[in-house]
Amino acid sequence: METFFSKIRIMMADRSLLKKIGFVFFILLLVRAGGAVPIPGVDVTRLSSFLSGNQFFGLLNIFSGGGLSNLSIFMLGVGPYITASIIMQLLTIVFPKLKEAYQEGGEAGRKKFAQYSRMISIPLAVIQGLGLLTILRQQGILGDITVMQNLVNVAVITAGATLVMWLGELATAYGISNGTSLIIFAGIVSGIPAQIQAAAVNFSPADIPIYAAFFAIAIAIIAAVVIITEAERPIPITYAKRIRGNRVFGGVSTHLPLRVNQAGVVPIIFALSILLFPQIIASFLSGIDQVYVQMVAQFIKDAISNTWVYGGSYFILVFLFTYFYTAVTFDPEAISENLQKSGAFIPGIRPGRSTAEYLSSVTTRLTLVGALFLSIIAVLPIVMQSLTGQQSLAIGGTAMLIVVSVVLDLVKQLDAQISMREY
């Protein structure tokens, strides 16, 4: 406790660190202010009901920093930029030269990679904005607007997404931690008072055991998220001894950390994106005046609205995409090659292909734990809402995973800044 207060005193006495923290708060304040400016013609009641019953649009609301909850000018938030970053990562598989430019280009390669992501995010914002407004208009959330008004709305929310992306990068460059993650974090936290209010309105003395169990389970789940997020499998690494003249180099032992959850929240984004397609198809087919087409559209809607079908599909997709994304981002052969070039090896494992196979085997077992963890976390809100019958009691999900990850990263960044100033 004394160490904690001493670090607080160091932080409060350092003007440069306080300026960084103040700058981040200013950026978050701008994003929250923009998220309160709605586009015209919004039916707030229908919008709230639609978002509460749709997992995908609830996730989009998270990535928009809460801007989608009232169809604000920042309704897309950092969603297009995150999607563009994921597309760029996937393109490294299709185009090996792009992967080499990213890995071997150093800081310049990473900057060029980020620039491509920014460029892709703008057309993605246009497509997402147009599609989102079309779906919302079909749901009756937007009133009758002309084509020109619709195009103006698309242009406004595209500009808003670009501005949020720029503000997030400013917060990263001149503030503390990752600005994009902090914008998402602020949007999640800003919705907590409304959830507490909803729970208080529906509260009755008979629900006390349910609320007590809710808080106990919530604490246990937060602890599990922290443990899994921070969990690593250390792979022992030894550097071979080399003699140059009268001096001996190498012989140092270290370890290679392999994270249990290497994929983060990306598999959840992929899974919800896939689950959105049946909803789009059903919305399109419902507008066709044919009996059989209407039957197909109704069948799709019934399947989507079925909790067991939706939850089971969601669980399986998150599980599969966790393995897929880990295979995309983790390259055992490249790691084995780098270890061999630097004169390092894993004790008991031959360098080269044997090392790559060993790393692949360990990663596969670790990913099993991470995939099960992400799948359970993803469907927890659905399970809790089914058990309790209350929309406000939803434990887990992407929101909790993001909040815990951002808080852990922010604490590490602040601790690193304070440690630098101590020395």
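Start at 1 with the first residue, then count along the sequence.
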For this session: Any chance you could lay out the side-chain contact (heavy atoms from CB on, under 4.5 Å) test for L91 and Y116, step after step, and finish with the verdict?
Result: CA-CA 11 Å; L91 286 177; Y116 288 149; over 6 Å; no
For this session: Start with the C-alpha distance between I120 and M88, add both sets of side-chain angles, then the distance that settles side-chain contact (heavy atoms from CB on, under 4.5 Å), and finish with yes or no.
Result: CA-CA 9 Å; I120 295 175; M88 286 299 298; 3.5 Å; yes
For this session: List the steps, then state whether side-chain contact (heavy atoms from CB on, under 4.5 Å) holds for S16 with K20.
Result: CA-CA 6 Å; S16 63; K20 289 184 177 182; 5.8 Å; no
Exercise. Checking side-chain contact (heavy atoms from CB on, under 4.5 Å) for the pair I335/F330: CA distance, chi angles, key distance, verdict?
Worked result: CA-CA 9 Å; I335 294 176; F330 184 79; 3.3 Å; yes
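For Y323 against T364, the heavy-atom pair with the smallest separation is OH-O, 3.2 Å. In terms of heavy atoms, A36 sits closest to P38 at O-CD, 3.2 Å. Looking at every heavy atom in both residues, I183 comes nearest to G168 through CD1-CA, 3.7 Å. Counting all heavy atoms, side chain and backbone alike, G77 lies closest to V164 at C-CG1, 3.9 Å. Smallest separation of non-hydrogen atoms from G35 and S72: O-CB, 3.1 Å. The nearest pair of heavy atoms linking V379 to G311 is CG1-O, 3.6 Å.
Under the 3.5 Å distance criterion, with hydrogens and angles disregarded, a donor-acceptor pair is assigned to the side chains of R118 and Q115.
Remark: I228 CD1 to L372 CG distance equals 10.0 Å, nearest 0.5 Å. One finds the CD1 atom of I157 at 14.0 Å from the CG atom of L163 (value rounded to the nearest 0.5 Å). With rounding to the nearest 0.5 angstrom, the CD1 atom of I127 is 12.5 Å from the CD1 atom of I122. Taken to the nearest 0.5 Å, the CG atom of L256 stands 5.5 Å off from the CD1 atom of I237. T367 OG1 to N261 CG: the interatomic distance, rounded to the nearest 0.5 Å, is 9.0 Å. To the nearest 0.5 angstrom, L410 atom CG is 11.0 Å from N178 atom CG.
Between F373 and V225, the closest side-chain pair of non-hydrogen atoms falls below 4.5 Å. At a threshold of 4.5 Å between non-hydrogen side-chain atoms, the residues I184 and V406 do not count as touching. Annotation: side chain of V156 is in contact with side chain of V152 (closest heavy-atom distance under 4.5 Å). Two residues are said to be in side-chain contact when any heavy atoms from C-beta on lie closer than 4.5 Å; I346 and T238 fail this criterion. Proximity of Y81 to E169: side-chain heavy atoms (C-beta onward) are separated by under 4.5 Å at one or more points. At least one side-chain heavy atom of T83 sits less than 4.5 Å from a side-chain heavy atom of Q128. Inter-residue side-chain proximity for S121 and M165 is flagged as met; some heavy-atom pair is nearer than 4.5 Å. R233 has its side chain out of reach of V260: every pair of non-hydrogen atoms, C-beta onward, lies at least 4.5 Å apart.
Within a 6.0 Å radius of CZ in F315, other residues, nucleotides and ligands contribute more than 12 heavy atoms. For E333, the CD atom is loosely surrounded, since the number of other residues' heavy atoms within 6.0 Å does not exceed 12.
A donor-acceptor contact shorter than 3.5 Å links the side chain of S313 to the backbone of V309. Between the D409 side chain and the S405 main chain, no donor and acceptor come within less than 3.5 Å of each other. A donor-acceptor pair is defined here as one N or O able to donate and one able to accept, closer than 3.5 Å; no such pair exists between the side chain of T355 and the backbone of S336. The closest donor-acceptor contact from the side chain of S361 to the backbone of E357 lies at 3.5 Å or more, if one exists at all.
Classification of E337 and R353 as a salt-bridged pair fails, no side-chain N sitting under 4.0 Å from a carboxylate O.
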